[in-house]
Q: 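Before I ask anything, let me first share the structure, which is written out below as structure tokens.
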Amino acid sequence: MGIFSGMNSYKSIIVLLGTIMLLSCKNDIKKVNALTDRKTLPEMSGENMEMIYSDSARIKYKAYTPLYNKIHTGEEEYDEFPQGIHVISYDKDGKVVGEVKSKYAKNLIKEKLWEVRNQVVVMNAEGKRLETELLYWDMEKEWIYSDRYSRLIDGNNILESSGGFESDQNLKNPVFKNITDGEVQFEMKPNN
């Protein structure tokens, strides 16, 4: 009888511990629903992709990315590049006119607007280099802009702004806001 009473005590302790563990585990229903919500899952996904954007059979942009997600909910539709992107833009003759690189990007389909973040670098055909942490690219207007710290490097000339900038997508006529104090030597060449 002594052995069986010890077993019953042991079983009681296990049941008690199991009950405590069961009662202490709880799931946040919002988190569970968010994980299982089909609306937020990618409609399409791919790795190490090259994407071509064209207009009338003419290549306008090529984009390279390690990870691509196409998201389409009832309210919005966008392409997401959570591990970064490298976009090369071409003129009507197929000549490279610019490049954009970043650690994250999002293309809002209906708005025709790109949001590019985290170590953004824009290069144009003349070698001008723009660096910022956040950039918006309006594809329809062919216009880029930011409200964050931005730096434009053209050869030995550097122009910095704490309030961002706006420009055509090829950096031909950038306008900087709140130019940082200091000596600035910068010459803009007129458009031809």
Side-chain angles (χ1 to χ4, degrees), residues 39-46 48-154 159 161-179 188-192:
K39 291 183 200 173
T40 58
L41 294 176
E43 190 175 282
M44 181 172 38
S45 189
N48 299 317
M49 293 185 66
E50 175 182 355
M51 305 171 81
I52 297 174
Y53 297 85
S54 63
D55 184 17
S56 303
R58 181 182 69 82
I59 296 175
K60 291 185 78 171
Y61 310 100
K62 283 186 182 177
Y64 304 90
T65 183
L67 182 61
Y68 164 77
N69 293 320
K70 181 171 193 62
I71 308 293
H72 190 180
T73 66
E75 300 85 38
E76 60 185 347
E77 180 180 0
Y78 60 90
D79 295 332
E80 182 181 43
F81 307 87
Q83 293 181 5
I85 195 166
H86 178 194
V87 178
I88 301 172
S89 60
Y90 299 89
D91 67 9
K92 63 182 186 236
D93 299 322
K95 179 182 168 194
V96 173
V97 291
E99 296 183 49
V100 177
K101 293 181 183 179
S102 73
K103 299 286 183 185
Y104 176 88
K106 185 179 193 179
N107 179 11
L108 304 167
I109 305 297
K110 292 176 188 172
E111 295 85 353
K112 296 183 181 178
L113 180 71
W114 283 76
E115 175 187 326
V116 188
R117 299 190 249 139
N118 304 335
Q119 299 177 7
V120 180
V121 176
V122 179
M123 297 278 294
N124 73 2
E126 289 82 37
K128 289 180 187 170
R129 177 184 174 103
L130 176 81
E131 299 171 350
T132 188
E133 283 300 309
L134 174 67
L135 177 85
Y136 293 100
W137 177 18
D138 186 324
M139 292 181 74
E140 195 165 271
K141 295 178 182 175
E142 297 185 343
W143 198 251
I144 58 175
Y145 56 95
S146 178
D147 63 355
R148 304 282 172 88
Y149 168 83
S150 302
R151 177 168 62 176
L152 181 66
I153 303 165
D154 184 10
L159 182 63
S161 167
S162 62
F165 77 98
E166 58 182 74
S167 175
D168 60 287
Q169 69 183 14
N170 296 321
L171 295 173
K172 298 285 185 186
N173 297 300
V175 176
F176 282 76
K177 304 166 189 171
N178 300 327
I179 295 175
M188 298 301 296
K189 296 177 184 175
N191 286 342
N192 292 333

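Throughout, numbering of the chain's residues begins at 1 and tracks the sequence. All figures in this text were calculated on a predicted structure; none of them were measured in a lab.
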Q: Would you indicate whether the side-chain heavy atoms of R129 and V121 approach each other to under 4.5 Å?
A: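 Contact flag for V121/R129 side chains = yes.
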Q: Give a yes or no on whether a salt bridge exists between E76 and K110, defined as a side-chain N under 4.0 angstrom from a carboxylate O.
A: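 Looking at K110 together with E76, the answer is no, because their closest N to O distance does not fall below 4.0 Å.
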Q: Which value, rounded to the nearest 0.5 Å, describes the distance between K141 atom NZ and D168 atom CG?
A: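 That separation rounds to 14.0 Å.
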Q: So, for S45 and L67, which heavy atoms are closest and what is the spacing to 0.1 Å?
A: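 Smallest heavy-atom distance, with atoms named: OG-CD1, 4.2 Å.
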Q: Taking NZ, NE, NH1 and NH2 as the nitrogens, is one of them in K106 or E115 under 4.0 Å from a carboxylate oxygen of the other?
A: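 The answer is no: the pair does not qualify as a salt bridge.
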Q: To the nearest 0.5 Å, what is the distance between CD1 on I153 and CD on E131?
A: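 One finds 4.0 Å between CD1 of I153 and CD of E131.
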Q: Is the count of non-hydrogen atoms from other residues, nucleotides or ligands lying under 6.0 Å from E140 atom CD greater than 12?
A: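 Atom CD in E140 is not crowded, with 12 or fewer foreign heavy atoms closer than 6.0 Å.
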Q: Which atom pairs, donor and acceptor, lie under 3.5 Å between side-chain atoms of residues 94-105 and protein residues at least two apart or in another chain?
A:
residue	atom	partner	partner atom	Å
E99	OE1	H86	NE2	2.6
S102	OG	Y104	O	2.8
Y104	OH	E80	OE2	2.9

Q: Are E111 and Y78 close enough, and set up right, to give a side chain to side chain contact (heavy atoms under 4.5 Å, CB included), and what steps lead you there?
A: CA-CA 9 Å; E111 295 85 353; Y78 60 90; over 6 Å; no
Q: Enter the distance from I109:CD1 to D79:CG here, rounded to the nearest 0.5 Å.
A: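 Rounded to the nearest 0.5 Å, the CD1-CG separation comes out at 4.0 Å.
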Q: Quick one: do E166 and K177 satisfy side chain to side chain contact (heavy atoms under 4.5 Å, CB included)? Show the steps, please.
A: CA-CA 9 Å; E166 58 182 74; K177 304 166 189 171; 3.6 Å; yes
Q: Determine the sole option in L159, L152, D154, I144 for which the side chain to side chain contact (heavy atoms under 4.5 Å, CB included) test with P174 is passed.
A: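 Filter result, single survivor: L152.
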Q: Please report the closest heavy-atom contact between Y64 and I88, naming both atoms and the distance.
A: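 That closest heavy-atom pairing would be CE1-CD1, 3.9 Å.
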Q: If we ignore hydrogens and angles and just use 3.5 Å, is the side chain of N170 paired with the main-chain N or O of K172 as donor and acceptor?
A: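 Answer holds: no.
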Q: For residues L171 and N124, report the shortest heavy-atom separation together with the two atoms involved.
A: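 The pair with the smallest heavy-atom distance is CB-ND2, 3.8 Å.
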Q: Does S146 use its side chain to pair, donor to acceptor, with the backbone of R148 at less than 3.5 Å?
A: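 At least one qualifying donor-acceptor pair exists.
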Q: Run the side chain to side chain contact (heavy atoms under 4.5 Å, CB included) test on V87 and W137 for me, step by step, so that the C-alpha distance in whole Å, both residues' side-chain angles and the decisive distance to 0.1 Å come before the verdict.
A: CA-CA 12 Å; V87 178; W137 177 18; 3.8 Å; yes
Q: Give a yes or no on whether the backbone of Q119 and the side-chain of E133 come within a donor-acceptor separation of less than 3.5 Å.
A: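 Yes: the side chain of E133 pairs with the backbone of Q119.
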Q: So, taking the atom named CG in L130 and the one named CZ in F176, what distance separates them when rounded to the nearest 0.5 Å?
A: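 It is 5.5 Å, given to the nearest 0.5 Å.
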Q: Which atom names give the shortest non-hydrogen contact between P66 and G84, and what distance separates them?
A: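 Closest approach of P66 to G84, heavy atoms only: CD-O, 3.6 Å.
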Q: For the residue pair T132 and Y149, what are the closest heavy atoms and their distance?
A: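 Where T132 meets Y149 most closely, the heavy atoms are OG1-O, 2.8 Å.
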Q: Does the separation of the ring centres of Y61 and W114 fall below 6.0 angstrom?
A: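 No, the ring centres sit 6.0 Å or more apart.
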Q: Quick check for you: to the nearest 0.5 Å, what is the distance between Q83 atom CD and N118 atom CG?
A: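 So the gap between those two atoms works out to 12.5 Å.
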Q: Report the distance from atom CG of D138 to atom CH2 of W143, rounding to the nearest 0.5 Å.
A: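 The CG atom of D138 sits 10.0 Å away from the CH2 atom of W143.
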Q: Side chain to side chain contact (heavy atoms under 4.5 Å, CB included) between L135 and Y145: does it pass, once the steps are laid out?
A: CA-CA 6 Å; L135 177 85; Y145 56 95; over 6 Å; no
